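Here the structure comes first, spelled out in structure tokens, and everything after it is commentary.
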Amino acid sequence: MKVLKFGGTSLGSPERMQNVADLITKESGKKIVVLSAVSGTTNTLVSIAAALSKENSEEAGNIIHQLYGSYQAYCKNLLPQADSLKEGLEIVEAHFTVLRSMLETPYSADVEKEILAQGELLSTKLFVTYLAQEGIKATLLPALEFMRIDEENEPDTLYIRERLQHLLDGFAEQDLFVTQGYICLNSKKGIDNLQRGGSDYTASLVGEAVSASEIQIWTDIDGMHNNDPRIVKHTYPIPTLSFDEAAELAYFGAKILHPSSIRPAQHANIPVKLLNTMKPEAAGTTITASVDDARQFTAVAAKDGITAIKVKSSRMLLAYGFLRKVFEIFEKYKTPIDLITTSEVAVSLTIDNQTHLKSIKEELEDFGDVEVHTDHSIICVVGNMPFTKVGMLKKVLDAIDDIPIRMVSYGGSKYNISLLIDSEYKTETLTRLNEKIFGQSR
Ligand code: ADP
Ligand code: ASP
Ligand code: MG
């Protein structure tokens, strides 16, 4: 079994969706196709929810109306045959009836999640209708019947495996399955999601659950690039990555992969390929357990919206148990720490979730002086850099020697050097690293 995931841009127009159908029929053997919402849809659904949260149902209604028009047009172009078109328009009607009903429902987080789920429900159902029109037999596996997160918002992998296997057993003769990325149920049986970009995570979790032979992530670029192509000119695709390298890049901002999407594939040792729907012949990137020992620097990524917190306390001097007490506060507020550096009398750390920042700061103040700096970015340089490969940290620091660096983290793993800078220096930092450590022109 292979898992093939197609992102929103790969479905952005009826022609693109038809192209996806061509690509999957070229792939032999059993496969599960995971689809995102059509590009732009989830952002639009977010804006509908935002309008409703401000009790502006008129604005929400207008956005729903516009989106409805675009889906009707999409259907008409995708499904020229009368029967299929009728079916497609019925699907659209059903989901827009749900959206319209939200205009009358008191707003809550559950309402928002139900709104956000409509994108993937629409794209998969329309895709299966298109396949049927073309005489391609496919079975829709509703993600809400097997994808579930637990109380900690972590995927319930045992449940996913059992449920998915059970569903697949019901269609032993079938080769082609289609399911929704991103959406899931939560521990209260409510509709939920795996956070933005979560279809990659679905693909990896599905791959793990069925012990797939390969997971393909099809998108609008020819694989993982050495630097962020949205920010830096002259980036290039990386043919191979190790799971650890890919996981670091995904976690620290390489948007091509959801931050958590590599772990399930790594856990089950399933190769992940990043491929380009617009250029299917391109090699893309293959992610496996093997590490390219000869390579030094592999890629760099940046993660924004980082807050640095420094706690300075003379009580830390020669004391044990101090760090534990600090960490317990972050644990209490379920706020993960990304980077950490310490000195004898101070500890600096970073978080990307500011929800509980005020309470965290208040509790930390019991230990000493607390400084908070927002609007920072983590620059994560990934490569194969065990400490015995001398000079790698120096090369990174030399490349950006006039950029103020608030924190440096090196030695935590042999695959990564992380730097914390004010976000205003992000573009310059990424550009300099591209020039100086990857030898690319500006
Ligand atoms: P999809 O809709 O297929 O999930 P995404 O927009 O989520 O696509 O991810 C693909 C985009 O990720 C690319 O178009 C590119 O702009 C962006 N991106 C950011 N960093 C990288 C990187 N290091 N390599 C490749 N793409 C990257
Ligand atoms: N449609 C969702 C989003 O836009 C999930 C995804 O595309 O992976 O975030
Ligand atoms: Mg994505």
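The model shown is predicted, which means the values in this text are computed figures rather than measured ones. Counting starts at 1 for both ligands and their atoms, following the listed order. Sequential numbering from 1 along the given sequence is applied to the chain's residues.
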Give the intermediate values and the outcome of salt bridge (Lys or Arg N to Asp or Glu O under 4.0 Å) for residues Glu214 and Lys31.
-> CA-CA 10 Å; Glu214 182 172 297; Lys31 52 211 165 254; over 6 Å; no

Which of the numbered atoms in ligand 1 are under 4.0 angstrom from any heavy atom belonging to [X]?
X: Gly7; answer: 1 (P), 2 (O), 3 (O), 4 (O)
X: Arg230; answer: 16 (O), 19 (C)
X: Gly223; answer: 24 (N), 25 (C)
X: Thr9; answer: 2 (O), 3 (O)

At the 4.0 Å heavy-atom cut-off, does Ser39 count as touching ligand 1?
-> no

Can Ser36 be said to touch ligand 1, with heavy atoms closer than 4.0 Å?
-> no

Please report the shortest heavy-atom distance between [X] and [Y], naming the atom on each side.
X: Glu120; Y: Leu35; result: CG-O, 3.6 Å
X: Ser36; Y: Gly8; result: CB-N, 3.6 Å
X: Thr285; Y: Met224; result: OG1-N, 2.9 Å
X: Tyr201; Y: Ser260; result: CE1-O, 3.3 Å
X: Ala209; Y: Ile160; result: CB-CG2, 4.0 Å

Tell me which one of Thr219, Asp228, Leu274 gets a heavy atom nearest to atom 3 (O) of ligand 1.
-> Thr219

Students should be able to answer this: which protein heavy-atom is nearest to [atom], and at what distance?
atom: atom 6 (O) of ligand 1; result: Lys255 NZ, 2.7 Å
atom: atom 15 (C) of ligand 1; result: Pro229 CG, 3.9 Å
atom: atom 13 (C) of ligand 1; result: Asp220 OD1, 3.5 Å
atom: atom 23 (N) of ligand 1; result: His225 O, 3.2 Å
atom: atom 9 (O) of ligand 1; result: Ile256 CA, 3.5 Å
atom: atom 2 (O) of ligand 1; result: Gly8 N, 3.2 Å

Which bit of [X] is near ligand 1, meaning a heavy atom under 4.0 Å away: side chain, backbone, both or neither?
X: Ile221; result: side chain
X: Met224; result: both
X: Thr235; result: neither
X: Ala301; result: neither
X: Lys5; result: side chain

For the [atom1] atom on [X], are there more than 12 heavy atoms of other groups (residues, nucleotides or ligands in this structure) within a distance under 6.0 Å?
X: Lys436; atom1: NZ; result: yes
X: Gln66; atom1: CD; result: no
X: Glu55; atom1: CD; result: no

With a 3.5 Å cut-off and no angle check, do the side chains of Ser84 and Thr129 form a donor-acceptor pair?
-> no

Identify which one of Ile63, Ile64, Val38 satisfies the side-chain contact (heavy atoms from CB on, under 4.5 Å) criterion when paired with Thr44.
-> Ile63

Min side-chain heavy-atom separation Val98-Leu121 under 4.5 Å | no

Answer whether the closest heavy-atom distance between the side chains of Leu99 and Leu45 falls below 4.5 Å.
-> yes

Got a sec, which pairs hit side-chain hydrogen bond (donor to acceptor under 3.5 Å, both in side chains) with one end in residues 267-278, sequence neighbours left out?
-> Ser10-Thr277, Glu208-His267

Could you check Ser108 against Asp110 for side chain to side chain donor-acceptor pair (under 3.5 Å), going step by step and ending with a plain yes or no?
-> CA-CA 5 Å; Ser108 68; Asp110 290 344; 4.8 Å; no

Consider every N or O of Asp200 and every N or O of ligand 1, then say whether any pair is closer than 3.5 Å.
-> no

Near ligand 2, at a heavy-atom separation below 4.0 Å: residues by chain and residue number = Ser36, Ala37, Thr42, Glu120, Tyr182, Arg196, Gly197, Gly198, Ser199

